[in-house]
2 protein chains.
Amino acid sequence: MKENEPPSTLETHLGYWLRMVSNAVSHSFARKVEREGVTVSEWVFLRALYDAERVQPSHLAEGMGMTKGAISKLSDRLFEKSLIERHANPDDRRAHTLALNAAGCELVPRLAALADRNDAEFFDALTPDERQRLAKLLRKIVEKRELAGAPVD
Amino acid sequence: MKENEPPSTLETHLGYWLRMVSNAVSHSFARKVEREGVTVSEWVFLRALYDAERVQPSHLAEGMGMTKGAISKLSDRLFEKSLIERHANPDDRRAHTLALNAAGCELVPRLAALADRNDAEFFDALTPDERQRLAKLLRKIVEKRELAGAPVD
DNA sequence: CACATTTGGTTAACTAGGAAACTGAAATTC
DNA sequence: GAATTTCAGTTTCCTAGTTAACCAAATGTG
């Protein structure tokens with residue numbers, strides 16, 4: 001007959017601790033960028049545009065691991081906030097590309113500074129060596145599990 | 001004059017990698033428990049009730065790091081799914097307590113098994129020793145930053 | 001004891017995202 | 001070269017949270 005073990009607790013799972021820290025980091029960052037009038041996904045979106053100059057929404061959806069619908073709304077919001085521009089694509093009348101405008105270009109470095117600060121704030125609980133090891137462990141999981149796409153939520 | 005450095009990229013932040021792995025773990029777990037008809041927050045909720053027998057919603061909100069409003073709706077949902085019972089509190093006519101019913105009691109171990117499986121699935125990318133070290137690093141951050149409350153989202 | 005304050009919980013309005021239906025343009029296929 | 005299929009993006013409907021207003025019961029204060 002089967003032994004009747006008690007069900008495992010939440011805390012026995014690595015995923016639990018991971019989520020606890022990850023949520024705290026994200027939440028704290030959300031509060032920081034909120035003061036600049038944007039959300040975390042908007043930051044990821046803008047940061048992607050900063051590098052790429054002109055991006056198709058579909059490309060962005062891919063890269064950010066979000067649905068096309070979400071990207072569509074996200075770009076509406078950023079357009080509304082006057083941070084990005086839309087450009088028609090002459091070769092394909094369905095498609096268009098997105099790009100930062102001047103205000104967007106100016107905002108990204110400020111947000112990046114907040115991201116730096118937030119990260120430092122949390123991970124100074126660890127020694128530089130520990131941080132190094134944590135990064136290595138996480139990247140190893142990402143690699144082995146073939147995870148991809150900027151995490152947003 | 002100030003050097004004009006390029007803004008840091010997403011990947012330079014530990015929080016980025018953390019969120020990437022954490023999201024993947026949660027998402028995969030969400031798909032698993034979905035087959036048992038519950039969500040991740042419902043699992044956390046039910047698991048808390050399993051230990052405590054009878055819990056006040058406010059207490060649960062505290063423990064799960066969610067708002068009272070969210071707990072209110074969550075308990076509605078679980079009541080609707082016939083997994084929990086409400087008991088009036090004779091000492092305080094505002095308050096009530098929540099408890100698992102028979103079906104809820106039976107479900108929790110099945111969900112726990114899924115949680116075990118999900119965790120194993122992700123972290124077998126690491127050696128037992130690495131897992132140990134990862135747990136230690138995460139707990140150190142939790143401690144130093146005094147994080148609390150079961151992460152849910 | 002009356003009245004203000006605090007507390008436990010619900011509700012309403014809002015936000016962000018997902019899934020799937022939909023629209024119009026491009027590419028295939030016969 | 002007309003008909004179908006695929007593709008880019010938008011829209012609609014739904015879910016699950018948050019915040020803030022709210023209600024009723026309990027507590028406390030003059």
Side-chain angles (χ1 to χ4, degrees), chain A residues 19 22-24 26-31 33-34 37-46 54-81 84-99 149-153, chain B residues 19 23-24 26-31 33-34 37-46 54-81 84-98 149-153:
Chain A
R19 212 159 61 246
S22 171
N23 285 356
S26 294
H27 190 243
S28 153
F29 182 56
R31 282 202 316 267
V33 295
E34 173 177 275
V38 297
T39 66
V40 175
S41 5
E42 285 166 10
W43 146 247
V44 175
F45 190 112
L46 294 171
R54 277 170 176 235
V55 195
Q56 281 186 257
S58 51
H59 209 250
L60 216 39
E62 170 78 18
M64 294 178 61
M66 296 175 91
T67 61
K68 304 178 298 171
I71 295 297
S72 186
K73 293 177 216 171
L74 202 39
S75 76
D76 279 352
R77 260 148 58 204
L78 290 169
F79 192 74
E80 207 59 34
K81 292 183 187 177
I84 64 173
E85 300 167 346
R86 289 176 210 265
H87 297 283
N89 180 340
D91 303 341
D92 185 339
R93 243 179 305 173
R94 296 170 300 182
H96 61 259
T97 54
L98 304 168
V152 149
D153 50 333
Chain B
R19 211 158 64 247
N23 285 355
S26 295
H27 189 245
S28 153
F29 183 55
R31 282 203 316 266
V33 294
E34 173 177 275
V38 298
T39 66
V40 175
S41 6
E42 286 167 8
W43 146 248
V44 175
F45 190 111
L46 294 171
R54 277 170 176 236
V55 195
Q56 280 186 258
S58 52
H59 211 245
L60 216 41
E62 170 77 19
M64 293 178 59
M66 295 176 91
T67 62
K68 304 181 296 171
I71 295 297
S72 188
K73 291 182 214 168
L74 202 39
S75 76
D76 280 353
R77 258 148 57 204
L78 290 169
F79 192 74
E80 207 59 35
K81 292 182 187 178
I84 64 172
E85 300 167 348
R86 287 176 212 267
H87 297 284
N89 180 341
D91 303 342
D92 185 338
R93 242 179 307 174
R94 294 170 303 183
H96 61 261
T97 54
L98 303 169
V152 149
D153 51 333

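So that the names make sense, note that chain A is the first sequence line, chain B the second, and so on, each numbered from 1. The figures that follow rest on heavy atoms only: side chains count, while hydrogens, waters and symmetry mates do not.
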Pair of N/O donor and acceptor under 3.5 Å linking D:dT19 base with B:Lys68 side chain | no
Starting at atom CE of A:Met66, determine the distance to atom P of D:dT10, rounded to an integer number of angstrom.
-> 14 Å
A:His87 NE2 to D:dG9 P: how many Å, rounded?
-> 14 Å
Any A:Ser58 side-chain N or O less than 4.0 Å from OP1/OP2 of D:dG9 | yes
Contacts of B:His96 and A:Ser41 projected onto DNA chain C by closest heavy atom; the upstream (5') one is B:His96
Atom-pair distance (NE2 on A:His59; P on D:dG9), nearest Å | 11 Å
To the nearest angstrom, the CG-C1' distance between B:Asp91 and D:dA26 comes to 12 Å
Heavy-atom nearest nucleotide on DNA chain C taken for B:Ala70 and for A:Ile71; more 5' hit belongs to B:Ala70
Closest non-hydrogen atom pair, A:Val33 against A:Thr39 = CG2-C, 4.0 Å
Which part of the nucleic acid, if any, lies within reach of B:Thr67 when heavy atoms closer than 4.0 Å are counted: base, sugar-phosphate only, or nothing?
-> base
Kindly compute the distance separating CZ (B:Arg86) from CD1 (B:Ile84), expressed to the nearest 0.5 Å.
-> 6.0 Å
Got a second to check how far B:Leu60's CG is from B:Thr97's OG1, nearest 0.5 Å?
-> 11.5 Å
Gap between atoms CG and P, on A:Asp92 and D:dT6 respectively (whole Å) = 17 Å
On a plain distance test, is the side chain of B:Arg94 in donor-acceptor contact with the base of D:dA25 below 3.5 Å?
-> yes
Contact boundaries on DNA chain C for chain B, cut-off under 4.0 Å to non-hydrogen atoms = C:dT7 to C:dA13
Which comes earlier along DNA chain D counting from the 5' end, the contact point of A:Asp76 or that of A:His27, where each point is its nearest nucleotide?
-> A:Asp76
Has B:Arg77 got a side-chain N or O lying under 4.0 Å from the OP1 or OP2 atom of D:dG17?
-> yes
Side chain of B:Ser28, backbone of B:Ala24: donor and acceptor closer than 3.5 Å?
-> no
Examine D:dG9: is either OP1 or OP2 under 4.0 Å from a nitrogen or oxygen in the side chain of A:Gln56? Give yes or no.
-> yes
Whole angstrom value for the distance that separates P of D:dT10 from CG of A:Leu74 = 12 Å
Report yes if a side-chain nitrogen or oxygen of A:Arg86 is closer than 4.0 Å to either non-bridging phosphate oxygen (OP1 or OP2) of D:dT10; otherwise report no.
-> yes
Looking at B:Glu42 and B:Lys81, what are the two nearest heavy atoms and their distance?
-> OE1-NZ, 2.7 Å
Between B:Met64 (CE) and D:dT18 (C1'), how many Å, whole number?
-> 15 Å
Going from NZ on A:Lys73 to NZ on A:Lys68, what distance comes out if it is rounded to the nearest 0.5 angstrom?
-> 12.5 Å
Which atom names give the shortest non-hydrogen contact between A:Leu74 and A:Met66, and what distance separates them?
-> CD2-SD, 4.1 Å
